[in-house]
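Quick note on labels: first sequence line is chain A, next is B, and so on, each numbered from 1.
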Amino acid sequence: MSVERWLQIHVVTLCLLGALFIALNTGNLAVPLGVLFAGVTSILFTDTWKWFQLNRLLGNLAAVGAVAYALRDFLASGSEGQLLAIASLLVYLQVILFYQAKTIRLYWQIILLSLLQVVVGAALHLGLSFGVLLLLYTMAAVSTLVLFFIHRETEQHVELLQKGQAAPKAKSHPELGRPTRVTSLATREELNHPFRAKVLGQQIAMFTAGAMLFASVFFYTVPRHSKAAWTGTRGFSHTETGFSRDVDLQQMGQMLQNNAPVMRVWLTDALGRPVPRLNPYFAGEILTAYRNDGQHASWIASGRPSSIQDRSGYMLPAMPSGAVIQKATMNATYHNSLFAITPIYLAPQTSDDIKVDPSSRLIFRQADAEVFLARDYTYETATTGIRDGRQVTITPHQRPSITRADQNALWRDINDCLTFDEAQFPGLSKISDEIVATLGEKDASPILTCRALEDHFLAPGAYTYSLNLNVLRDRDLDPIEDFVVNHRTGHCQYFASALVMMLRSQGIPARMVVGYRGDEYNEIGHFYQVRQRNAHAWVEAYLYQDQVPSYETTGGTIGKSGAWLRLDPTPGREAGIEDLASWTGTTRDWLDYVDMIWSDYVIGLNQQRQQTTLYGGETNENALADTWLDPKRWTSFYTFASWLGIHIKPTGDHGFRIKFDWRAGLTAMILCGVAVALNRFVRWYSPRFDWSAWFGKRRPRGLRSRVEFYARLEELLTRRGRSRRPAETAREYVDQAVRELAIPRSDALHQTVESFYRVRFGEAELSDNERESIEHALAELERTPTAERDGR
Amino acid sequence: MIRRRVYLRPEGWYYCFVIAFVIGGAVLRNVNLLVALAGLMVAALILHWQMVLRSLSGIDILRSFPARICAGDAMEVEVSLAHRGNRGTAWALEYKDFFERIDPPDNDPASEATLLFPRIKAGEEATKRYRCEITRRGVYRFGRAALACRYPLGLVEGICFLDLPDRLVVYPRMGRLHHRWGELIEAEQSGQQSTRHQQGLSEGDFYALREWRNGDSRRWVHWRTSAKLGTLAVRQFEQRRSSDATLILDLWQPQVSTDEQRALVENAISFAATAVVDLCRRGGSRLGLIIASREVGHWAAAASPLFAQELLEHLAVCRGSDGVRLNEAAQHLPAIQHSGAKVLVLSTRSRDEAIETLDRRTRERLESEWLDHATWLNAAAGDFASYYSPGWEAPA
C-alpha cells in the first residue's frame, strides 16, 4: 500500500477519534459513525477510484452552507451548546474536505480541524475516557503527521524530478533560457523505502511516550491561578436516573439499575485515618409534603424555591471535637444538592459556597450559574454521625443557637411532618394502629413505636423489595395505601413513603429523606464509590428532647430542638458492603481508583492542590494572577468584547463565563477575512520590504549589497562621483569606478570586491589579515580627493 | 558548518496558533484538560525541535563533481553524508546545493539542487546523486550548501549552512565543424594559395633522397650523394601544411540588446570554442586567440589540449559589449601572430560595420596590416553556417 493510502487511512482515523471526543459529550454515536462512513467512502470513491470529487467551488459552497447551519445552532444554544455547535461545524467541514481531491494543503486542513475538535472536546468533557482517548489520539496524530511529512517530502522530490525532466522553453539560444536543469536521480520507492512500518512504529511510540512525559511535567508545573476546587466540565449532558429531588410513586415498568458513578466519599478521622467501613447514609434532600392529585402521587420538599439560584441558607456550624471528616467528589449534576452524613459541620477545608438549608439542615451549593453545576465538585464537611465505627440513628436537630424564630420555623416544619389524611389511608392507619396496639404501655414510647413500625416492613416475607413495578394496582387507591394493603411490592420509595405515613398516623412527625447509601467501599483508595444504583430513600422521625432515651448513642448533644431518628424500612438493604474478594471487584476497585486519581490530580488540580502536591504546603496567594485577573482591571475590555458579541462575565475564583450572540459570528467572519487579507498582503509585501532597515541598519543600494565593508566602499566611491548603476554588478562597478576615477593602487579595491563576493555569496568568514587589508584599502581610498574637492 | 538555525515553518505557526488558542481557553475557562492538551502540543513541538537538531548533528558531507564541463552537458554531482555519531539515526535529511554563476555575473537567483536522504544510521554513510545540466557558460561558485531536516512532523525546520567552496568552469557549448572548416584552416593564407611560401630549408622535414626530376630546385640537390652516385640526387622533404591560425573574436553587441543579438554573441563564442578545441586536437600548429570586447585579451601558444583548456576558460567568461576595442585588439596581433598563420575574425557584425567605428587613419592602417588578409565571418550574416553548426536545435 502506498504511503498516501496509509496517510488517508490515518487521517480518517484521526477524524474518527476527534468525532469520538464530541460523542463523549453528547452520547450520540451518529457523529463518529458519520465520519467513519464519510472517511471510508471518500478513500474508496474519491481517492482510490476517483469516481466522485467535489470541485473547489462546490466544496466552498458546501462549507458556507455548513457554517450557516452550525451558526443557527450556535445562536440558539447556551455556552456549552455553542461549543457543541462549533464541534459539529468542524465535523461538517472535515466531511466536505474528505470528498475533495487531496492536496498537501487539504490534508493539513483536515488535520488542523481534527485538532480543533480535541480542543473543543477538552472544554466539554473531563472524564477518564477523555484521557484514554487523548492518549490514542496523540499516537494517531503523531503517526498521521509523520506519514503526512513523508508523503509531502516524497511528493516534493518527485515533483522536482518531473520538473527537471520537463523540456525547457525554447529560446533563440540555450544560454538565454533557464540557467540550469536539476534532476533528482531518486525514485519514489527509493525515498519511501527506509520508512518501514516497524521502524516508524517504534519512532511514533517513543515520540508519544516522550510527549506524554513532558506533558505531565508541563501540566503539573504550569502555575494555576484558580482556587476553585475543580475545573472544567464533565459530562454536562449526564442524566441522573437514580437520585431525584422529588419522588414520584406512579412509575411503572421495570426500573434498570444505573451503574453510573455519582460521587466518591472519603471518611477519615481527625488524624486522617480512614474510618472502618460501614454502610453510610448520605442524605441529599428532605421531602415532607405528599401530593396525590389522582394522576400523580409524589413527595416534594415544602418551601423549596423553584430556582436553584434562589435557594438560600446559613453557614455550617463549627466542627466539634471527635467529628469525622467527610470529603466527597461529586460528578456533574443539574441540581445543587450535596450529599453528606448528618449532622453536618464545618470542616477546615469547607468551601464558602456550601450552605445549610434552614429547614432540612442538609447542605447545598450556592451556585450562581447552572454551568457550574455541570462540573465535578469536591467538598469537605465534618459529621458527628459516626460513633464507634457505626453511623448513629439519632441525630440532633442541628441549629447552633435556637432562637424564637428558629423555634417557630421548627414547629412549622414539624407540623408539615404531621400532615396525614386518614381518609386517604384507611388501611394503612388500621395496620399501624394494630402494630402500635401490640406494644404494651411499657413499650409505647415514640422511639419504640417507630422501630416497631419499621420492623413491620422488615419482617421476613411480609413485603417484597422489587424494581419491577409491573404489579397489579388498584387505581382507586392511593399508591401508598395500595402498597401497604394490596401488593406490598415496591422499591425503597414505597417503603419509606408507607413508613412516613404510618408514623404520621400515630402522631409522630416523620419525613422522607432521599440520597445515597454507600455500599461499595474501595479498599485501594479507601473511599466509598457511590453510583446511581445506590440511590435510596429512608425515613426520619422527629423526637423531642425528652423522647430520646439516654442509653441511645446519638450524633451529638440533643438540645431543646429535639432530634431525628433514622429509620430504614426497605428490606434487603442490610446485605452489607459488597464482596470485593472476587477479581471483578478488584478490577472495579482499580478502575475506580484510577478514575479518582484522574479526577483529583488531573481535572481537579487547582492552585491549592498544586501548591500542596508540588511544594509540600500552601504558599501565599498568587499575587500576580490576582492582580492581572482582577475583573475590575478588565472592565473596558469586557465592554469592548460585548460590542463584538462576546459577553464575558467574571464568576469569581478568576473564572469567566462567556456567551456569544450573532455579532460574535459576524466578528469572527470579519476577522477571518482580515486575517486572510493580511496574510496575502504580508506574503506579497515581505519580499519587497527591506527588513534590515527595521534593525537600524543603513538601507543598502541593492538587495545583494548587505556587507558592511562593501557598503562603505560604495559610499566612498559615490562620494568621489561614481555611483553604482542599477545594471552593474559589484565587480563591474568597482572596475569601472577605478578606471573612470583613475584611482591608484586599485588592486586592493579589486581584492575588496573579491572578498565581498566570498562573504556575500560564499557565506565565508574573513580572516583577520583580510579584514585588516580591507580596512587599509578603504582608509587609503578615503584619503584620495573627493569629487567635491576636485570640483567635479 | 558555519551557521545553524531552527525555525517554524508556516504549518508550525498554525500549530502555535492552536496552542495559543488552547492555552487561552485553559486560562479563561479553567479547564485543566486544555492545559494537558497544551502540554502535549508543546511537548510534540519541543521533541520535534530536538529530533531535528539531533538529526543535523554529527553529519559530514562530501561532495564531488567534475571541475569543468561544457554548457549543455549533463553533470552528475555525488553527495555523501556520513553520520559520525555513535548512536541515533538521522532522519529525512534534505541536502541542498546552491550555485550561481559569478563570472559573468548573473541576474538570476542562485540555482538549487535538492537531495533527500531518508535515513542514515549512526556510523553509516549514504550517497546520492543528482544530475545537473548547466546551460550557461561561465564560472560557477558552489559556495554554500544546506542540510535541512523537518522530521518527523514537518512543523519545524532545522537548517545548517555549510561552507563547501568549490568552483566549476562551464565551457562554451560545443558545436559541430563542417568539412569546409577543415578546408579553410588548411588552405594557404589568403593570397598565397597557389604559391607556397617557403623560407630556406624550412619547407619541411628531410625525408629521403631521390633522383633529380625536372622542376626540382637546384637548392635541393644533395651534392655529396650526387658525386658518389654520379647522377643528380635531390633531397626529398615531407612537406606539412601549416594550420597556424589566429582567431579574433569580435563580441560586439549593442548596449540595449535583444535576445537575438545576445544569441549572436553566444554563437560566436561557441564557434570559437569549437574551433579552439579542433585546432588543439590537430596539434602541430600555433594558435592565437584575441577576444575583443570591452576588454581585450590575447593568448598564443602551440596548440595543445592544455592550451585549449586555458582558452576555453577565457571563452567561458567573456562577454559581449558595445565598446569593442578592435583597434586595441589589432595591436596585439603582431605579437601573437605567427608568420603565415591564418587570421579568422569571428564577429557578430559585418566587417564594414566594424571598421565604421574606427577613424580613417586607423582604418587604413588596419586594412593594410591585416584586415585585408583576414577571413571575416559574420554571425549575423549567417557566415558561420558553412563551417559550423551549433550544438543545439534552434526553435522553429
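A distance of 6.5 Å separates CG of D735(A) from CD of E295(B), quoted to the nearest 0.5 Å. Expressed to the nearest 0.5 Å, how far CZ of F214(A) lies from CG of L47(B) amounts to 7.5 Å. Of the inter-residue distances, the one linking N32(B) atom CG with Y220(A) atom OH reads 9.0 Å to the nearest 0.5 angstrom. Here Q109(A) contributes atom CD and Y14(B) contributes atom OH; the two are 9.0 Å apart, rounded to the nearest 0.5 Å. The CD atom of E94(B) sits 5.5 Å away from atom CD of E153(A), with the distance rounded to the nearest 0.5 Å. Distance check, rounded to the nearest 0.5 Å: CE of M51(B) to CZ of F207(A) gives 6.5 Å.
At most 12 non-hydrogen atoms from other residues, nucleotides or ligands lie less than 6.0 angstrom from CZ of R54(B). The 12-atom threshold is exceeded at CZ of R739(A), counting heavy atoms of other residues, nucleotides or ligands nearer than 6.0 Å. Annotation: F65(B), atom CZ; neighbour count of heavy atoms from other residues, nucleotides and ligands within 6.0 Å is above 12.
V35(B) touches chain A through backbone and side chain together, each having a heavy atom under 4.5 Å away. Proximity to chain B (any heavy atom under 4.5 Å) is shown, for L213(A), by neither the backbone nor the side chain. Proximity to chain A is absent for every atom of F98(B), based on heavy atoms less than 4.5 angstrom apart. The contact between R150(B) and chain A is made by backbone and side chain atoms together, counting heavy-atom distances below 4.5 Å. Looking at V199(A), the atoms closer than 4.5 Å to chain B (heavy atoms on both sides) all sit in the side chain, from C-beta outward. For a residue to count as touching a neighbouring chain, one of its non-hydrogen atoms must lie under 4.5 Å from one of that chain's; by this rule F148(A) does not touch chain B. With a threshold of 4.5 angstrom between heavy atoms, L116(A) approaches chain B through side-chain atoms but not through N, CA, C or O. Contact of M75(B) with chain A is not made at all, since no heavy-atom distance falls under 4.5 Å. When heavy atoms are compared at a cutoff of 4.5 Å, L264(B) does not approach chain A at all.
Taking chain A as the reference chain and counting heavy-atom pairs below 4.5 Å, the highest number among A74(B), G39(B), G154(B) is found for G39(B). Of all the listed residues (W91(B), Y15(B), F142(B)), the one sharing the greatest number of non-hydrogen pairs under 4.5 Å with chain A is W91(B).
Taking each heavy atom of A215(A) and A36(B) in turn, the nearest pair found is CB-O, 4.3 Å. Heavy atoms only, all atoms of each residue included: L200(A) and Y151(B) are closest at CD2-OH, 3.5 Å. Between L34(B) and V119(A) the shortest heavy-atom distance is CD2-O, 3.4 Å. Contact detail for L153(B) and V142(A): the closest heavy-atom pair is CD2-O, 4.2 Å. Closest non-hydrogen pair, P152(B) versus F149(A), comes out as O-CB, 3.4 Å.
Salt-bridge formation is not detected for the pair E11(B)/R105(A): no Lys NZ or Arg NE/NH1/NH2 atom is positioned less than 4.0 Å from an Asp or Glu carboxylate oxygen.
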Can you list the steps and then say if M41(B) with L115(A) is a side chain to side chain contact (heavy atoms under 4.5 Å, CB included)? CA-CA 10 Å; M41(B) 293 179 72; L115(A) 187 61; 3.3 Å; yes
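Counting heavy atoms from C-beta outward, F218(A) and L40(B) have side chains that stay 4.5 Å or more apart.
Under the 3.5 Å distance criterion, the side-chain polar atoms of R731(A) are matched with a main-chain donor or acceptor of I102(B).
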